[in-house]
Structures are given as C-alpha cells and as structure tokens.
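We use all heavy atoms of the structure for the numbers below, so side chains are in, but hydrogens, waters and symmetry mates are not.
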Amino acid sequence: MIACCMHGFSPVDRDGLALHDADPTAWQHVADTVAGLGFTALEIADSHIRPGDLTAQRRADLAAAAASAGLDFAAVHVQRRSVIDPAHGEDNLAYAHRTIDAAAELGCRVFSTGLHQPFTPAQKRALWFWTAPGWTDPDDPEVRTLAVTRLRELGRHAAEVGLPMSLEMYEDTYLGTAASAVRLVEEIGLDTVGLNPDIGNLIRLHRPIEDWREMHEATLPYANYWHMKNYQRDEAADGSWFTAHPTTLRDGLIDYRAMVARAVELGFEGPFLMEQYGGDSLGVCAENRTYLTGLLATSPRPAAPSTKGVTP
C-alpha cells in the first residue's frame, strides 16, 4: 500500500473553519483529490482531522467520503501530542487511546505516533520549521521509563484492536537517533510495535547528522510503516554551515533505490506514506508514488518476513 499525506491541504479554510469541523463535502474534496492523483490510500493526519475527537456519525461520514473515492486509510498519525509532555502527557495518552479505537473503526492498517512536541514560537516563524530549535526530550532515565511504559500501554491497546503501532523517528526525542529509537522499541518489547524510519526528518537538519545509510541499516529491521521524503543537503567540510530543502525521492540525499531494496530484502511489509513539504506537495507525492512503484517492481524478493508490527 502506498498512501498520500495531507500536507497539501490546508487544516483551516479561508474563513477560519478547521477541516476537522468542516462539512463532509470538504472531506469528500480531499478524498476525491487524492484519488484523482492516482492514490488508493490516505493517511489521516490529526493536524487536519482528529478521528478520536469525532462523533460516531462524523467518523461514518469520513469513512463514506473515502469509500466514495475508492480510498483506504493507511493510518491515523498522531503528531505533536507526546505522552511525556510535562503539562499534557496524561491528556495526550487518553487522546491516543481514543484515537486507536477510532483508527480501528475506520479500518486503518497502522496506528502511527511519536514523541515530537508542538512547534516553538521560533519554529512557527521560520520558513522551514526544522531550521529553528524545538523541544528536546530530557536526558532523564525516569522520563524515558515513562515513555516506555506509556507507549507500551498504547501498543497493547492497538494490538487488542488488530493494529500494529509505529513510532516515527524525530530529532531530539528518544526516537531522534537510530540507536535510541531501536533501544526504545526493544525496551517496549512488543512485536506489534515498530519504527517509522522517517530519516528524512533527520537529514534535513542544519547540523551534523548520522550517516543515512547506517541509520537505515539499524532501523529497517524494526520498520512497520514508512514516511518517505527526501531533501537536497549540502554542508561545509569544516561544519561551519549546513543547508537542506525538500525534493523528490529520486533527487535527494537518500538513495531510496538502495534503501527500498534493502527493506524488501529484510521483509518489510508495512504501508508506505508519500510525504512532502512546500510547493505542490500533492503533485510531488504523486510523482514519488510512481517512482516507488517502479522501485518495488524491481526490488529483490525478501529473505524472510519481518516480525515487527505486521498485521497478517
């Protein structure tokens, strides 16, 4: 399954009405647009629509809009609602639980979340939010243990309703490096909880980064869902400057031909999500889907099935 993200749609219309609160005809427009680009699946981003906060009738309306366009839901992605937020962690945990139930009701393949926090004022002002400083998870064993405990709780709930849970890699969180992300999944200790190796989130940073090949090699064995995007990146050899900007899967720093082949070899069976920032993001997502389809058609057969978070 190759799904489209919702970045190409505004979360608020010209009159200030949130897409979450809009008439179902607005949702139908989203579904029809995505289907018109050749997609058969959509990720519901809670930045746009929060299924866990919809009434049963509104969830039925959302499902009907997708069905009318011939779309399935790949996932509900909960973002910037960290379960270890110092002020809102417990509320975010409850929100994630009701979103899991909503995701199962809507027929999603994955429940996706992470530990990233709301944008800081500096990030909101920046042209590209990743160029400004954001939240950093503390180097505190008790807070990390809380993350493990709460994410394990969510993983068990998701498994009970038939969903794998995927944790998105994101800078300066406990999912911000390959080693820390793998350790977090191993600490959670559930086969139905895996990683979303969204290493695009890391190669765009204007700072030194881990080698993208080594990050993929470490995380792909744990992958059960994959946000895919790419960036052109340049940096000075002496570390005095860095720059990055969005581009297609083909043209960025990450060699997705090699990484997709490696993922298939390792038995990756989760959905792919085409994600893009800036410009005609929907058009780039469609172009990336075509590129990925070609890669999958020529990738080697898997050596063995993955055991991390795959629903039979």
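Contacts classified as ring-ring contact (aromatic ring centres under 6.0 Å, His included) and involving residues 134-188 (residues at least two apart or in different chains) are given here: His97-His157, His116-Tyr170. Among pairs with a residue in residues 120-147, those fulfilling salt bridge (Lys or Arg N to Asp or Glu O under 4.0 Å) read Arg144-Glu187, at least two apart in sequence or across chains. For residues 235-261, the salt bridge (Lys or Arg N to Asp or Glu O under 4.0 Å) pairs, not counting sequence neighbours, are Arg233-Glu235. For residues 91-101, the set of pairs meeting the salt bridge (Lys or Arg N to Asp or Glu O under 4.0 Å) definition, not counting sequence neighbours, comprises Asp53-Arg98. Screening residues 59-91 for ring-ring contact (aromatic ring centres under 6.0 Å, His included), with sequence neighbours left out, gives His77-His227. For residues 183-215, the set of pairs meeting the ring-ring contact (aromatic ring centres under 6.0 Å, His included) definition, not counting sequence neighbours, is empty. Pairs passing the ring-ring contact (aromatic ring centres under 6.0 Å, His included) check and including a residue from residues 4-44, sequence neighbours excluded, read His7-Tyr277.
With no hydrogens or angles considered, no side-chain donor-acceptor pair links Thr177 and Glu210 at under 3.5 Å. Side chains of Thr243 and Asp234: no donor on one and acceptor on the other come within 3.5 Å.
Residues Tyr222 and Glu186 have side chains in contact (heavy-atom distance under 4.5 Å, counting atoms from C-beta outward). Counting only heavy atoms from C-beta outward, the side chains of Pro246 and Gln276 approach each other to under 4.5 Å. At least one side-chain heavy atom of Met228 sits under 4.5 Å from a side-chain heavy atom of Val260. Taking the side chain as every heavy atom from C-beta outward, Leu163 and Val110 never approach each other to under 4.5 Å. Contact of the Pro164 side chain with the Tyr225 side chain is not registered, since no non-hydrogen atoms from C-beta on lie closer than 4.5 Å. At least one side-chain heavy atom of Leu19 sits less than 4.5 Å from a side-chain heavy atom of Met6. Within the 4.5 Å cutoff, no side-chain heavy atoms of Trp130 are placed close to those of Arg207. In this structure, the side chains of Leu292 and Thr290 stay at 4.5 Å or more apart for every pair of heavy atoms.
Across all non-hydrogen atoms, the minimal contact from Ala41 to Ile2 is CB-O, 4.1 Å. A pairwise comparison of heavy atoms in Ile254 and Gly200 identifies CD1-N, 4.1 Å as the closest pair. Leu71 approaches Ala31 most closely through the heavy-atom pair CD1-O, 3.5 Å. Nearest heavy-atom pair across Ile100 and Ala158 is CG2-CA, 3.7 Å. Contact record, Ala69 with Ala35: O-CB, 3.4 Å, taken as the closest heavy-atom pair. Between Val76 and Pro51, the closest heavy-atom pair is CG2-CG, 3.9 Å.
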**OP:** Before giving the answer on side-chain contact (heavy atoms from CB on, under 4.5 Å), spell out for Leu175 and Asn196 the whole-Å C-alpha distance, their side-chain angles and the decisive distance to 0.1 Å.
**Re:** CA-CA 10 Å; Leu175 294 157; Asn196 171 356; over 6 Å; no
Subject >> Candidate pair Met165 and Thr192, rule side-chain contact (heavy atoms from CB on, under 4.5 Å), full reasoning >> reply: CA-CA 6 Å; Met165 184 170 87; Thr192 53; over 6 Å; no
**OP:** Evaluate the side-chain contact (heavy atoms from CB on, under 4.5 Å) criterion for residues Asn92 and Arg150: first the C-alpha distance (whole Å), next the side-chain angles of each, then the deciding distance (0.1 Å), finally the verdict.
**Re:** CA-CA 10 Å; Asn92 291 345; Arg150 289 182 169 173; over 6 Å; no
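Note that the CD1 atom of Ile49 and the CG atom of Leu106 stand 10.0 Å from one another [nearest 0.5 Å]. Rounding to the nearest 0.5 angstrom, the gap separating the CG atom in Leu115 from the CG atom in Leu184 is 6.5 Å. Between Asp21 atom CG and Leu54 atom CG the span is 8.5 Å, to the nearest 0.5 Å. Note: Glu168 CD to Leu273 CG = 9.0 Å, rounded to the nearest 0.5 Å. Taking CG of Leu282 as the start and CD of Glu287 as the end, the distance is 13.0 Å to the nearest 0.5 Å. Considering CZ of Arg50 and CD1 of Ile44, their distance stands at 13.0 Å, rounded to 0.5 Å.
With sequence neighbours excluded, the residues satisfying salt bridge (charged side-chain N to carboxylate O under 4.0 Å, His left out) with Asp198 are Lys229. In this view, Arg213 and Asp211 satisfy the salt bridge (charged side-chain N to carboxylate O under 4.0 Å, His left out) rule, not counting sequence neighbours. Scanning for salt bridge (charged side-chain N to carboxylate O under 4.0 Å, His left out) contacts around Arg81 gives an empty result, with sequence neighbours left out. Listed by chain and number, the residues in a side chain to side chain donor-acceptor pair (under 3.5 Å) with Arg262 are Glu217, Glu265 (sequence neighbours excluded). Residues that satisfy the salt bridge (charged side-chain N to carboxylate O under 4.0 Å, His left out) test with Arg58, not counting sequence neighbours, are absent from this structure.
Under a 3.5 Å cut-off, the side chain of Ser180 and the backbone N or O of Gly176 do not form any donor-acceptor pair. With hydrogens and angles disregarded, no donor-acceptor distance shorter than 3.5 Å links the side chain of Arg109 to the backbone of Ala75. At least one donor-acceptor pair closer than 3.5 Å links the side chain of Asn230 to the backbone N or O of Leu253. A donor-acceptor pair is defined here as one N or O able to donate and one able to accept, closer than 3.5 Å; no such pair exists between the side chain of Ser68 and the backbone of Ala64. Thr298 contributes a side-chain N or O that, together with a main-chain N or O of Leu295, makes up a donor-acceptor pair within less than 3.5 Å. Put simply, the side chain of Thr113 gets close to the backbone of Val78: a donor and an acceptor are under 3.5 Å apart. Listed for the Thr120 side chain is a donor-acceptor partner under 3.5 Å among the backbone atoms of Pro133. Using modelled atom types, one side-chain atom of Asn288 and one backbone atom of Leu249 make a donor-acceptor pair closer than 3.5 Å. The closest donor-acceptor contact from the side chain of Glu43 to the backbone of Cys5 lies at 3.5 Å or more, if one exists at all.
The hydrophobic clustering, which links ILVMFWY residues whose side-chain heavy atoms are closer than 4.5 Å, places Phe268 and Met215 together. Residues Met169 and Met274 share a single hydrophobic cluster, defined by chaining ILVMFWY side chains whose heavy atoms lie under 4.5 Å apart. Note: the hydrophobic cluster containing Trp241 does not contain Leu205 (ILVMFWY, side chain heavy atoms under 4.5 Å, direct or indirect links). Cluster membership check: Leu17 does not share its hydrophobic cluster with Leu62, using side-chain heavy-atom separations under 4.5 Å among Ile, Leu, Val, Met, Phe, Trp and Tyr. Cluster annotation: Phe242 is not connected to Tyr231 through the hydrophobic network of ILVMFWY side chains, with a link wherever side-chain heavy atoms come within less than 4.5 Å.
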